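Here the structure is laid out as structure tokens; the discussion comes afterwards.
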Amino acid sequence: MSKTPVWALVPAAGVGKRMAADRPKQYLPLGDCTVLKHTLQRLMASQLYAGIVVALSPEDEYWPSLCLSDTEQVYRVAGGRERADSVLSGLDFIALLGSVDDWVMVHDAARPCVTETDLRRLVEEVGNDPVGGILALPVHDTLKDVESNRIQSTVDRSRVWRALTPQMFRLGLLRDALREASRNDRRVTDEASAIELKGLRPLIVEGRPDNIKITRPEDLPLASYYLEQQRCE
Ligand code: C5P
């Protein structure tokens with residue numbers, strides 16, 4: 001395993017419109033606490049990180065209720081308008097404490113079911129890679145390319161994977177890539193996209209299907225079920 005420090009960076013500054021809830025989705029109850037607290041507990045329990053940086057909305061009023069504010073290892077920074085802005089803000093903060101060659105694992109606040117096995121596998125498999133890499137899942141459904149509700153073609157699913165988080169890249173490379181994407185007005189929805197725009201090819205590490213992202217109301221009971229199942233493993 002790489003001896004280079006690894007930082008966790010958790011973008012948690014979104015509003016989660018598709019949940020149509022009274023608060024941002026990362027603060028919705030899940031089991032005995034909130035989505036964000038589960039996510040942070042998973043990261044903290046792994047003891048893999050030099051520090052965990054959480055990007056929060058400047059208007060966030062829920063953070064103190066997590067009772068994590070005084071935890072030494074967790075730092076909070078102000079997030080931005082888009083996810084990529086929140087990640088950049090976290091990277092700028094990590095740059096003050098670490099070096100450009102440090103690894104940064106970016107993990108969505110909205111993925112509370114990530115397992116320690118997956119976190120460790122990513123560090124082991126990506127830790128010596130020149131580019132970096134991400135957890136992803138092969139696609140099993142037949143995929144259609146659609147325009148105006150009409151199928152244009154069938155996509156070759158053997159080449160298609162679903163990008164998950166965490167995504168792990170060197171601090172310097174990721175910061176350059178995200179800054180460049182922003183300068184060129186390229187909207188990126190994950191870290192790998194920014195690295196790809198630089199002409200680089202991130203590594204794929206197969207993750208677990210229960211590492212779901214809470215997006216719609218029906219995802220909460222599903223996450224709760226997965227957390228319960230994982231307790232029995
Ligand atoms: O909206 P979506 O599910 O794609 O968001 C993924 C993650 O990015 C969430 O954890 C969300 O809180 C975070 N995010 C952020 N800053 C934004 C928008 C989203 O940190 N401006």
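Every value quoted in this text rests on a predicted model; they were computed, and no experiment measured them. For ligands, and for the atoms within them, numbers begin at 1 and follow the listed sequence.
- For Lys213, every heavy-atom contact with ligand 1 shorter than 4.0 Å involves the side chain, none the backbone.
- Under the 4.5 Å side-chain criterion, counting only non-hydrogen atoms from C-beta, Met105 is not in contact with Trp7.
- Salt bridge annotation for Lys213-Asp219: absent, with no cationic side-chain nitrogen under 4.0 angstrom from a carboxylate oxygen.
- One finds the CE atom of Met19 at 8.0 Å from the OG1 atom of Thr215 (value rounded to the nearest 0.5 Å).
- The shortest contact between atom 19 (C) of ligand 1 and any protein heavy atom is with Gly14 CA, 3.6 Å.
- Shortest non-hydrogen contact noted between Asp145 and Val155 is N-CG2, 4.0 Å.
- Distance check for atom 16 (N) of ligand 1: a protein heavy atom is found below 4.0 Å.
- Taking every non-hydrogen atom of Ala110 and a distance limit under 4.0 Å, the qualifying atoms of ligand 1 come out as 10 (O).
- In the hydrophobic clustering of this structure, Ile212 does not group with Leu40; members are Ile, Leu, Val, Met, Phe, Trp, Tyr whose side-chain heavy atoms approach within less than 4.5 Å, directly or through other members.
- A salt bridge links Glu116 with Arg120: at least one charged nitrogen is closer than 4.0 Å to a carboxylate oxygen.
- Considering backbone and side-chain N/O atoms, Pro11 comes within less than 3.5 Å of an N/O atom of ligand 1.
- A continuous path of Ile, Leu, Val, Met, Phe, Trp and Tyr side chains, each step under 4.5 Å between heavy atoms, connects Leu178 with Val131, placing both in one hydrophobic cluster.
- Using a 4.0 Å cut-off between heavy atoms, Arg18 contacts ligand 1 through its side chain alone, with no backbone atom that close.
- Of all the heavy atoms of Lys25, the ones lying under 4.0 Å from any atom of ligand 1 belong exclusively to the side chain.
- Contacts between Ala13 and ligand 1 below 4.0 angstrom, taking non-hydrogen atoms only, involve backbone and side chain alike.
- Here's the thing with Ala109: one of its N/O atoms is less than 3.5 angstrom from an N/O atom of ligand 1.
- Looking from atom 6 (C) of ligand 1 to the surrounding protein, the closest heavy atom is Asp108 OD1, 3.6 Å.
- Interface of Ser86 with ligand 1, defined as ligand atoms under 4.0 Å from a residue heavy atom, comprises 15 (C), 16 (N), 17 (C), 20 (O), 21 (N).
- Ion pair Asp118/Arg42 not flagged as a salt bridge, since none of the NZ, NE, NH1 or NH2 atoms sits closer than 4.0 Å to an Asp/Glu carboxylate oxygen.
- Remark: distances from the non-hydrogen atoms of Gly80 to ligand 1 include one below 4.0 Å.
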